[in-house]
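Right, one structure below, let's go through it.
Proteins get letters first, then strands, A, B, ... in listed order; numbering begins at 1 in each.
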Amino acid sequence: MRKEYTDWPEMDRKWQAEWEKAGLFHKQIDPQKQKLYILDMFPYPSANGLHVGHPEGYTASDILSRYYTMKGWHVLHPMGWDAFGLPTENYALKMKIHPQTATDENVENFRRQIKRFGFSYDWTREVNTTDPDYYKWTQWIFLKLFENDLAYEAKIPINWCPDCKTGLANEEVSDGTCERCGAVIERRNMRQWMLRITKYAERLLSGLDDLDWPEKIKAMQRNWIGKSLGALINFPIVGSDKKVQVFTTRPDTLFGATYMVLAPEHPLLDELVSAQDMDKIRQYRDIVKAKSDLERTSLSKDKTGLATGLFAVNPATKEQIPIYVSDYVLLHYGTGAVMAVAAHDQRDYEFATLFHLPIYTVIEPFQGTWTEDRAFEDEGRMIHSAQFNGLKSSEAIIKIIEWLEENHLGERSIQYKLRDWVFSRQRFWGEPIPIVHCEHCGIVPVPYDQLPLTLPDVPFYETSGTGESPLATIHDWVNTLCPKCGGPAKRETNTMPQWAGSCWYYIRYIDPHNQERLASEEAIRYWLPVDLYIGGAEHAVLHLMYARFWHKFLYDIGVVNHEEPFLRLRNQGMVLAADGKKMSKSLGNVINPDEVLDQYGADVVRMYEMFMGPFDQESLWSTQGIEGVHRFLGKVEALFEQPGSSNQPNAEALKKMHQAIKKVTLDVESMNFNTAISAMMIWVNYLQKMTSIPVTCLETLLRILSPFAPHLTEELWHRLGHRSYLYYETWPTFEEALTKEELIEIPVQINGKLRDKIFVAPGLEEEAIKKAVLESEKAQQCLENATIKKWIIIPDRTINIVI
RNA sequence: GCGAGGGUGGCGGAACUGGCAGACGCGCUGGACUUAGGAUCCAGUGGGAAACCAUGCGGGUUCAAGUCCCGCCUCUCGCACCA
């Protein structure tokens with residue numbers, strides 16, 4: 001029987017206060033030590049407060065930070081707030097308070113909640129994207145982008161969310177709806193700021209190869225960049241000196257191109273189509289425009305379109321082929337026009353069938369025949385293609401491109417799906433874009449020495465709803481003087497998207513109070529790049545692509561000295577409610593971290609987060625399951641009720657200890673936290689049975705447990721009489737030899753069926769093993785009247801006798 | 001349709017390069033201590049009376065398969081008229 005556990009929440013507070021007083025986690029550049037930068041994706045401080053999903057990643061990164069510190073690394077482990085953005089702005093509007101007030105409250109609450117876990121963050125490095133001292137540098141980077149022709153204005157049809165009353169980037173739209181609020185997205189033609197991320201497409205793609213990131217995330221980024229190799233081919237228009245250029249990845253099918261299709265918005269149409277046909281095209285354009293993206297994609301099965309009355313010449317066959325328009329061809333990809341090969345492209349096949357257009361087969365399967373009820377899109381052998389007949393289609397791709405280039409009919413080309421980044425939002429709560437519009441000088445950047453360009457200090461404001469930013473209605477702020485000519489001018493009223501601040505925050509952490517630069521050269525040289533980045537997989541394309549883009553740009557202008565910001569990335573799985581569903585207020589299945597912390601203290605919650613299952617898989621929060629780690633830490637505390645023995649551990653105890661050290665060490669390094677905890681449980685179950693526990697064992701236990709349960713272990717460490725903090729204690733090492741069993745149990749199988757088990761010394765010779773088996777009673781029974789055909793002996797593993 | 005990752009007891013999950021399937025924990029059963037126990041401790045716990053049967057299903061390779069090969073089913077996530 002033992003007494004109740006210590007009041008753990010109280011113990012948490014005690015040690016957290018001590019650590020803070022001691023400045024335990026404050027790090028400065030130390031050239032004598034090897035640095036390690038372990039970063040969490042900083043949270044968006046919403047009004048709902050922390051979720052039990054947040055601490056999963058934070059606990060993992062904290063365990064690693066503490067572990068590597070104990071191993072002698074100089075670990076940088078910061079935390080901050082990604083605080084600009086729509087949810088806060090909407091919340092503030094609802095509560096009729098200023099977004100700054102809402103942000104401050106939310107940050108305050110998040111910080112309080114996160115601190116309760118006792119993470120080893122260096123809080124002196126805290127950053128907040130809404131702090132003018134921070135966003136001064138976000139604006140500085142924008143101006144650099146502008147200077148380098150990577151930021152530009154464009155009037156383009158953008159994704160407009162009618163509920164959020166703002167434009168969205170393509171990445172923020174899913175299935176034609178707003179990723180944030182779910183409203184159906186409309187197309188609106190609006191003046192926008194754009195970032196030329198497409199210029200970095202190739203580098204963003206090739207840079208992925210050397211990164212230690214989950215394959216899934218890399219695949220998503222590759223997919224999003226969408227590189228295609230192919231050819232641009234010119235088709236002369238009959239009765240005109242104009243040509244239609246198409247992009248195709250299948251130049252091998254050129255001889256089968258029997259018609260062409262242009263995107264309805266294609267500019268060539270306005271030039272060449274007859275007035276009569278143009279009327280119909282305009283009508284079609286209106287229909288297409290009225291369709292939301294959602295309708296366009298969900299109705300994708302049925303093709304629509306119409307003939308333009310125009311004809312083009314297939315440069316290979318010299319045949320005249322009709323030109324159609326259809327919305328299955330997109331203006332913004334390739335050239336906005338395709339050569340249609342009905343026999344070898346399923347989309348063209350469907351369109352051709354609908355409009356009774358000819359279907360020419362130019363590739364046949366290597367073997368067998370093709371049932372012609374759909375397009376044949378695989379590789380095959382070339383037919384009806386003049387001098388290319390007989391080639392494999394993959395070879396023909398190369399040969400035909402060569403032929404096109406020789407005859408000036410086309411050229412090799414690479415296309416990307418990636419499009420430029422729509423970088424403006426028509427909202428208040430974001431970084432103002434530091435640009436002035438002058439009647440005389442046009443677009444003028446705000447001079448660097450006038451940064452930060454702060455948001456106007458208004459007590460309250462409303463959205464305009466007209467598509468313009470609320471900033472547009474704040475006249476004192478909008479009207480300004482041109483920095484160039486001094487004449488009257490207006491400020492840019494769009495603000496930056498939420499992703500802006502998170503593109504470079506990991507750079508600010510390394511020198512957060514620098515007034516002269518983003519960060520000092522010395523700090524950049526020492527701390528960057530990030531060695532390990534931990535966060536949710538939901539940022540696979542958005543944040544991680546944008547941040548890589550900015551980082552590469554900063555590399556190009558000499559600010560940072562490495563091409564990639566995050567060398568190693570790991571995603572935590574989601575924490576779901578016990579019913580396997582996402583936790584949500586509406587389902588009423590949300591676990592509140594504050595309540596669990598009140599009940600169990602930080603260590604139990606930290607350990608349960610890690611014990612639920614593999615770190616990178618989703619797991620279910622079980623209010624019963626958490627009792628398991630609660631009991632475990634209770635057992636640990638109970639081990640310390642008797643003073644430890646000064647005797648050295650015997651061979652058996654030593655073996656158990658080294659086995660535990662080994663397992664925990666290897667598991668922490670490979671981020672298998674659940675099995676590391678299991679190994680400690682096994683060891684504690686063993687120690688619990690001992691009548692007196694050697695102090696060596698107790699101290700070692702505290703060391704290896706401390707990254708997981710820093711508060712309890714610190715308490716017990718000090719109860720043992722130590723004055724030091726476990727954070728700077730050394731991680732114990734194990735000796736392989738001491739982890740070995742002196743006798744191992746080996747299964748004896750007969751014809752693959754388990755029949756007996758024998759105990760032998762490890763590394764025992766085969767003959768001795770055979771002898772041991774034959775001496776065993778059970779084996780003798782089974783082997784009666786049998787001839788042994790074969791012995792299979794896997795040293796220290798298994799014995800199989802074939803009879 | 002394409003891409004990625006999963007399917008193991010009542011539950012969460014273990015299992016190194018093929019070598020005792022079910023570690024550890026939850027739950028459950030019995031016991032101990034107790035005025036009490038929802039605390040704690042001890043024992044048991046995949047199914048089956050047993051031979052045996054069991055890692056989504058069906059084949060295969062092997063002395064030996066959760067693990068390797070072939071063919072399916074199913075779930076989750078991402079992309080999706082990208083020429």
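- At most 12 heavy atoms of other shown residues, nucleotides or ligands fall within 6.0 angstrom of atom NZ in A:K243.
- For A:Y284, the OH atom is densely surrounded, since the number of other residues' heavy atoms within 6.0 Å is greater than 12.
- Taking the C1' atom of each, B:C53 and B:C70 are spaced 26 Å apart, rounded to whole Å.
- One atom, CG of A:D327, and another, P of B:A83, lie 17 Å apart when rounded to the nearest Å.
- Comparing atom distances between the A:F247 side chain and each of B:C52, B:A83, B:G25 picks out B:A83 as nearest.
- Here the separation of B:C63 from B:G12, taken at their P atoms, is 37 Å to the nearest Å.
- The gap from the C1' atom of B:G71 to that of B:A21 amounts to 26 Å, rounded to the nearest Å.
- Salt-bridge formation is detected for the pair A:E736/A:K662: a Lys NZ or Arg NE/NH1/NH2 atom is positioned less than 4.0 Å from an Asp or Glu carboxylate oxygen.
- Rounded to whole Å, the distance from CD1 on A:I788 to P on B:C63 is 17 Å.
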Short N/O separations, protein against nucleotides 77-79 of chain B, under 3.5 angstrom:
| residue | atom | partner | partner atom | Å |
| --- | --- | --- | --- | --- |
| B:C77 | O2' | A:K216 | NZ | 3.4 |
| B:C79 | O2' | A:N223 | OD1 | 3.4 |

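- Both distances falling under 3.5 Å, in either a Watson-Crick or a G-U wobble arrangement, occur for no nucleotide opposite B:U61.
- Under the Watson-Crick or G-U wobble criterion, with both distances below 3.5 Å, B:A43 is paired with B:U29.
- Across the P atoms, B:G30 and B:C73 are found 46 Å apart, a figure rounded to whole Å.
- For A:L254 and B:A83, the CG to C1' distance is 14 Å, given to the nearest whole Å.
- The number of heavy atoms from other shown groups lying within 6.0 Å of CD (A:Q346) is above 12.
- For A:S228, taking side-chain heavy atoms from C-beta onward, the closest of the listed nucleotides B:A83, B:A23, B:C63 is B:A83.
- The partner of B:G9 cannot be assigned: no Watson-Crick or G-U wobble pair with both contacts below 3.5 Å exists in any strand.
- As the counterpart of B:A4, B:U76 is assigned, both hydrogen-bonding distances of the Watson-Crick or G-U wobble pattern falling under 3.5 Å.
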Polar-atom pairs under 3.5 Å, protein N or O versus N or O of nucleotides 19-21 of chain B: list them with distances, or write none.
| residue | atom | partner | partner atom | Å |
| --- | --- | --- | --- | --- |
| B:C20 | O2 | A:K757 | NZ | 2.6 |
| B:C20 | N4 | A:E745 | O | 3.4 |

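- Counting non-hydrogen atoms under 4.0 angstrom, A:T249 reaches the backbone sugars and phosphates but no base.
- Counting to the nearest Å, the P atom of B:A83 and the CD1 atom of A:I323 are 21 Å from each other.
- Using a 4.5 Å cut-off on side-chain heavy atoms (C-beta onward), A:Y324 and A:F351 make contact.
- Considering only the side chain of A:T248, B:A83 comes nearest among B:A14, B:C52, B:A83.
- Along RNA chain B, the nucleotide nearest A:G334 and the nucleotide nearest A:A679 are compared for position; the residue whose nucleotide lies closer to the 5' end is A:A679.
- Of the options A:V261, A:L268, A:L262, a side chain to side chain contact (heavy atoms under 4.5 Å, CB included) to A:I323 is made by A:L262 and by none of the others.
- The side-chain heavy atoms of A:L633 and A:V629, taken from C-beta on, include no pair separated by under 4.5 Å.
- A:P614 comes within 4.0 angstrom of sugar-phosphate atoms only, judged by non-hydrogen atoms across all strands, and of no base.
- Contacts of A:T335 with the nucleic acid, taken as non-hydrogen atoms under 4.0 Å apart, are absent.
- Within a 6.0 Å radius of NZ in A:K227, more than 12 heavy atoms belonging to other residues, nucleotides or ligands are found.
- Note: A:Y546 and A:W421 have parallel aromatic rings, judged against thresholds of 30 and 60 degrees for the angle between ring planes.
- Crowding of A:E765 atom CD: a count of heavy atoms from other residues, nucleotides or ligands under 6.0 Å not exceeding 12.
- Put simply, A:R631 has a side-chain N or O that comes within less than 4.0 Å of OP1 or OP2 on B:G27.
- Within 90° of 0 lies the glycosidic angle of B:G9, which makes this nucleotide syn.
- Nucleotide B:A43 holds its P atom 10 Å from the CG atom of A:N685, rounded to whole Å.
- Across B:C26, B:G13, B:A83, the shortest atom-to-atom separation from the side chain of A:V338 is found for B:A83.
- Between B:G7 and B:G13, the distance separating the two C1' atoms is 13 Å to the nearest Å.
- Distance noted for atom C1' between B:U40 and B:C33: 9 Å (whole Å).
- When heavy atoms are screened at a 4.0 angstrom cut-off, A:D348 is found touching no nucleic acid atom at all.
- Nucleotide B:U55 forms no Watson-Crick or G-U wobble pair with any nucleotide shown, as no partner meets the under 3.5 Å limit on both distances.
- Within a 6.0 Å radius of CZ in A:R222, more than 12 heavy atoms belonging to other residues, nucleotides or ligands are found.
- Residue A:Q346 contributes atom CD, which lies 15 Å from atom P of B:C81 at whole-angstrom precision.
- A gap of 12 Å separates the C1' atoms of B:U17 and B:C68, to the nearest Å.
- The same atom, C1', is picked in B:A39 and in B:A50; the two are 42 Å apart, to the nearest Å.
- Rounded to whole Å, the distance from CE on A:M612 to C1' on B:C11 is 15 Å.
- When the nucleotides B:C26, B:G3, B:A23 are ranked by their closest atom to the side chain of A:Q624, B:C26 comes out on top.
- Of the possible donor and acceptor atoms, one in the side chain of A:H344 sits under 3.5 Å from a partner among the backbone N and O of A:I363.
- Where A:E618 and A:I682 each meet RNA chain B at their nearest nucleotide, the meeting point lying more 5' is that of A:E618.
- Among the atoms of the strands shown, none is found under 4.0 Å from any heavy atom of A:E215.
- In this entry the distance linking CE of A:M681 with P of B:G13 reads 15 Å, nearest Å.
- Checked against A:I801 for a side chain to side chain contact (heavy atoms under 4.5 Å, CB included), the options A:I788, A:D756, A:L774, A:N751 give a single hit: A:I788.
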